[in-house]
Number of protein chains: 2
Amino acid sequence: MSTTTPHALGERAQIILKTLIDRFIREGEPVGSRTIARESGLDLSPASIRNALLDLEEQGFLQSPHASAGRVPTVRGYRLFVDSLLTVQPLESAQLALLEQGFVADETATRQQVIDTASRLLSGITRMAGVVTLPRREQLGLRHIEFLPLSGHQVLAVLVFEGQEVQNRILKVERPFSASELQQASNYLNTLFVGKGIQQVRDAIVDEMRRTRADMDELMRAAVELASVVFDVPEEADYVIAGQSNLMDFKELSHVEKLRALFDAFTAKREMLHLLDQALQGEGAQIFIGEESGYRVLDDCSVVTAPYRVNGQVVGVLAVIGPTRMAYQRVIPIVDITARLLGSALNLSN
Amino acid sequence: MSTTTPHALGERAQIILKTLIDRFIREGEPVGSRTIARESGLDLSPASIRNALLDLEEQGFLQSPHASAGRVPTVRGYRLFVDSLLTVQPLESAQLALLEQGFVADETATRQQVIDTASRLLSGITRMAGVVTLPRREQLGLRHIEFLPLSGHQVLAVLVFEGQEVQNRILKVERPFSASELQQASNYLNTLFVGKGIQQVRDAIVDEMRRTRADMDELMRAAVELASVVFDVPEEADYVIAGQSNLMDFKELSHVEKLRALFDAFTAKREMLHLLDQALQGEGAQIFIGEESGYRVLDDCSVVTAPYRVNGQVVGVLAVIGPTRMAYQRVIPIVDITARLLGSALNLSN
DNA sequence: CTTGGCACTCAGCCAGACGGAGTGCCAATC
DNA sequence: GATTGGCACTCCGTCTGGCTGAGTGCCAAG
């Protein structure tokens, strides 16, 4: 809003800003001119640094908590840092090993277990909160559909998707169906739907219903009816979170009220899902710093996200949530690699 | 350990203890003699009260945080209070209505949804944390078993139990089975197992395997093999928790480290499950006060539990977790009634 | 442009003082 | 013998003022 110039910062200013943020991320306390003079490698006196800091503050990259403290990055400062000052560290081999072991090919692992593992690993390695959204079925191909008779007017529908996803739904039906009727219905629907994504299936259902008139027997019509009920249920997005309590250790979040609001948002899920959905759209890793997320509860947090793929399709997002003062250089590659590993762990089972 | 006498407290002492604890539960601050003199209705001077308090302290029902504060109940004091001093309040009708609405008969609700609702209601009404264990399949009768062919060497097993419980498992198999083979296998197993509890099913499997020799064809043998794999998987107990963050508002828990330990215990689940398991054994409502639970993280908490039933069988537990200073008179009936409502909500769908 | 010097600001910490709440004990009273 | 008023004492919480250290902004000299 009050942006005045594109601010192509001079190299000098960039170095100073970078050392300041580096230091602040490491130590968590406002950084003064003397410190920067020592650590920047610039061979300038504190006084000169002070001048530069004053400029940076005027341009909105820094601020001081009070008159005689050092300086602290603003959201704007972090943004610049992340976008162009950051030197992404390669992942430490110990942590890489940890990740790979966590995803070691285990054919018996359920989808849920794999997802849980992913978020636990994220939070464990970063010591912050790890989030993984469940894969959106919308994007997954259907492997199998089956109807089973329960008592009288209840039918159990079983949907099997790519990527370890199995889904059950109990339906009420008008008249009882026998096992063999349901068997036929399942067979019929399988020939129609297998391999398609949910949206395609829906389209196919509409098609079938249109063509229904002449060439279909009553059973097939019933089958399509059932299918239309099953696939009509809108998918509810959801996610798994781990390591919430890690966030309690950061002093910048330790205000009880804020923390509580944050935790509540985690369980309410709605706002969180909105945010993660944005990350789903984008291509690669994405970072939301402080207020950028647009959600009050996240004002003091940053969110580092990366989408993951099954069968080449983006089906979900993982994220690390922590204080704005987080070690972005470290977190970014962690999220990135975990996304890849998770993707292939889910693929593997098709 | 250092119990000296059965301590049949005099009526006088009981009244004083009760008013003190009542007051402390309401206000959360150490209670002094003057307050009790005013509130007990005993028409005694503070000085007399002081004498009585001194006795109660010596007998271990009270303690003072420091020399010139009022007094506070010990675990022992709460115990006595809960066991014999407590006047259980009937549930306010507003809250009763809330509960009943929450469980309004909804045939389409899944087991998971019903359980979630229960724990949310518990936490919502008590403003503390609500916990509900998932129903133990061990106790539930099997309604249906089915095998479905997936690709090549994978078979999907679907188990349907009483009480909305559906369970999927993907199995590896030695040789591919055709759909009709699996159909036959399912039929066969259904005739053997339906209506039985898991343990009975396991027994039946062992039986079948013994009788296998002569009168069974290869397919049936395979069927039993499959079943033995499916039912061999030990059930992992689990629970759902809601309103964790409510606990952050209690000053007695607000020490960050403790709170964090507590939250971690909630997600680690192991110790919690142990405790809840004890409650499963007992008959009715059960209360663990402070250290009575035997788990360090719960030292400053009390847990009020009640088991719930499906088909007359106890299959799970619900609990409210809060600070030792909680309104037991209010919480006990809430947990109790919720248990009943949850039980019938789950029953209803068989 | 850079630098040393300087006055100034401000948070954090310590020490001391004070008031309030509540106690334990004792001697007087019913 | 239980009950009570009186009293000295303890201890917490809060407020105060003073001090220190860190860091600043500005200015004038290099």
Side-chain angles (χ1 to χ4, degrees), chain A residues 9-17 19-24 26-74 77 251-252 254-255 325, chain B residues 9-17 19-24 26-74 77 251-252 254-255 325:
Chain A
L9 284 187
E11 194 190 357
R12 167 83 130 268
Q14 290 193 20
I15 295 180
I16 292 180
L17 185 60
T19 25
L20 187 147
I21 297 187
D22 272 337
R23 167 86 184 200
F24 181 69
R26 242 179 311 126
E27 305 287 336
E29 250 138 59
V31 187
S33 52
R34 120 186 269 92
T35 316
I36 298 181
R38 252 188 286 112
E39 295 196 357
S40 68
L42 275 181
D43 198 42
L44 287 176
S45 80
S48 312
I49 303 284
R50 281 206 283 281
N51 291 328
L53 289 179
L54 213 55
D55 292 347
L56 285 167
E57 183 160 1
E58 252 159 38
Q59 292 166 78
F61 296 110
L62 298 176
Q63 73 191 66
S64 23
H66 63 264
S68 94
R71 265 137 179 139
V72 156
T74 60
K251 49 178 171 303
E252 46 263 81
S254 66
H255 199 287
R325 171 179 92 76
Chain B
L9 284 186
E11 194 190 355
R12 165 83 129 268
Q14 288 192 23
I15 295 180
I16 292 180
L17 185 58
T19 25
L20 187 146
I21 298 188
D22 272 337
R23 166 86 184 198
F24 181 69
R26 244 180 309 125
E27 306 287 336
E29 250 138 58
V31 186
S33 51
R34 121 185 270 91
T35 315
I36 298 181
R38 252 187 285 113
E39 295 197 357
S40 67
L42 275 180
D43 198 42
L44 287 177
S45 78
S48 312
I49 303 283
R50 282 207 283 281
N51 291 328
L53 289 178
L54 213 55
D55 293 348
L56 284 168
E57 182 160 0
E58 251 159 38
Q59 293 167 78
F61 296 111
L62 298 176
Q63 72 190 68
S64 24
H66 63 264
S68 94
R71 263 131 178 145
V72 156
T74 60
K251 48 178 172 305
E252 47 262 81
S254 67
H255 198 285
R325 171 179 93 76

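Throughout, a chain's letter reflects where its sequence line sits, starting with A, and its residues are numbered from 1. Note that the structure is predicted; figures quoted are calculated from it, not measured. What you see below is based on every heavy atom in this structure, not just the backbone, and it leaves out hydrogens, waters and symmetry mates.
Spacing between atom CG of A:D55 and atom P of C:dC1 amounts to 11 Å, rounded to whole angstrom units. Here the C1' atom of nucleotide C:dC25 and the CG atom of B:L53 are 15 Å apart, to the nearest Å. Nucleotide D:dG25 holds its P atom 13 Å from the CD1 atom of A:I49, rounded to whole Å. If you take CD of B:Q63 and P of C:dG22, they are 17 Å apart, rounded to a whole angstrom. Rounded to whole Å, the distance from NZ on B:K251 to P on D:dG13 is 13 Å. The distance from atom CG of B:N51 to atom C1' of C:dC25 is 10 Å, rounded to the nearest whole Å. Protein atom CG of B:L42 is 15 Å distant from nucleotide atom C1' of D:dT4, rounded to whole Å.
For A:H66, the listed nucleotide lying nearest its side chain is C:dC10; candidates were C:dC1, C:dC10, C:dG24. Checking D:dG25, D:dT3, C:dC1 against the side-chain heavy atoms of A:E57 singles out D:dG25 as nearest. Of the candidates C:dC25, D:dT4, D:dC26, the closest approach to any side-chain atom of B:S48 belongs to D:dT4.
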Check nucleotides 4-6 of chain C for protein N or O atoms closer than 3.5 Å to its own N or O atoms and list the pairs.
| residue | atom | partner | partner atom | Å |
| --- | --- | --- | --- | --- |
| C:dG5 | O6 | A:R50 | NH2 | 3.4 |

Distances under 3.5 Å only, N/O to N/O: pair up the protein atoms with those of nucleotides 7-9 of chain C.
| residue | atom | partner | partner atom | Å |
| --- | --- | --- | --- | --- |
| C:dT9 | O2 | A:S68 | OG | 3.4 |

Task: Chi angles and distances behind the side-chain contact (heavy atoms from CB on, under 4.5 Å) call for B:L20, B:L56 - done: CA-CA 11 Å; B:L20 187 146; B:L56 284 168; over 6 Å; no
Task: side-chain contact (heavy atoms from CB on, under 4.5 Å) between B:T19 and B:L42, worked out - done: CA-CA 10 Å; B:T19 25; B:L42 275 180; over 6 Å; no
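Sorted by first then second residue, the salt bridge (charged side-chain N to carboxylate O under 4.0 Å, His left out) pairs that include residues 55-70 of chain B, not counting sequence neighbours, are B:E57-B:R71.
For B:R23, the side-chain contact (heavy atoms from CB on, under 4.5 Å) partners two or more places apart in sequence, or in a different chain, are B:R26, B:E27, B:V31, B:T35, B:E39. By the side chain to side chain donor-acceptor pair (under 3.5 Å) test, A:S45 pairs with A:S48, sequence neighbours left out. Every side-chain contact (heavy atoms from CB on, under 4.5 Å) that A:A52 has, sequence neighbours left out, goes to A:I16. Taking B:E252 as the reference, B:F250, B:P323, B:R325 meet the side-chain contact (heavy atoms from CB on, under 4.5 Å) condition, with sequence neighbours excluded.
At C:dG22, none of the side-chain N or O atoms of B:R71 fall inside 4.0 Å of OP1 or OP2 (strictly under the cut-off).
Rounded to the nearest 0.5 angstrom, A:R38 CZ and A:I49 CD1 are separated by 11.5 Å. Atom-to-atom distance recorded for A:L44:CG and A:S33:OG is 11.5 Å, nearest 0.5 angstrom.
Minimum heavy-atom separation, A:I21 to A:P73: CG1-CG, 3.8 Å.
Taking 4.5 Å as the limit, some side-chain heavy atom of A:L17 sits within range of a side-chain heavy atom of A:L62.
Looking at residues 28-40 of chain A, you'll see that no heavy atom sits under 4.0 Å from any atom of DNA chain C.
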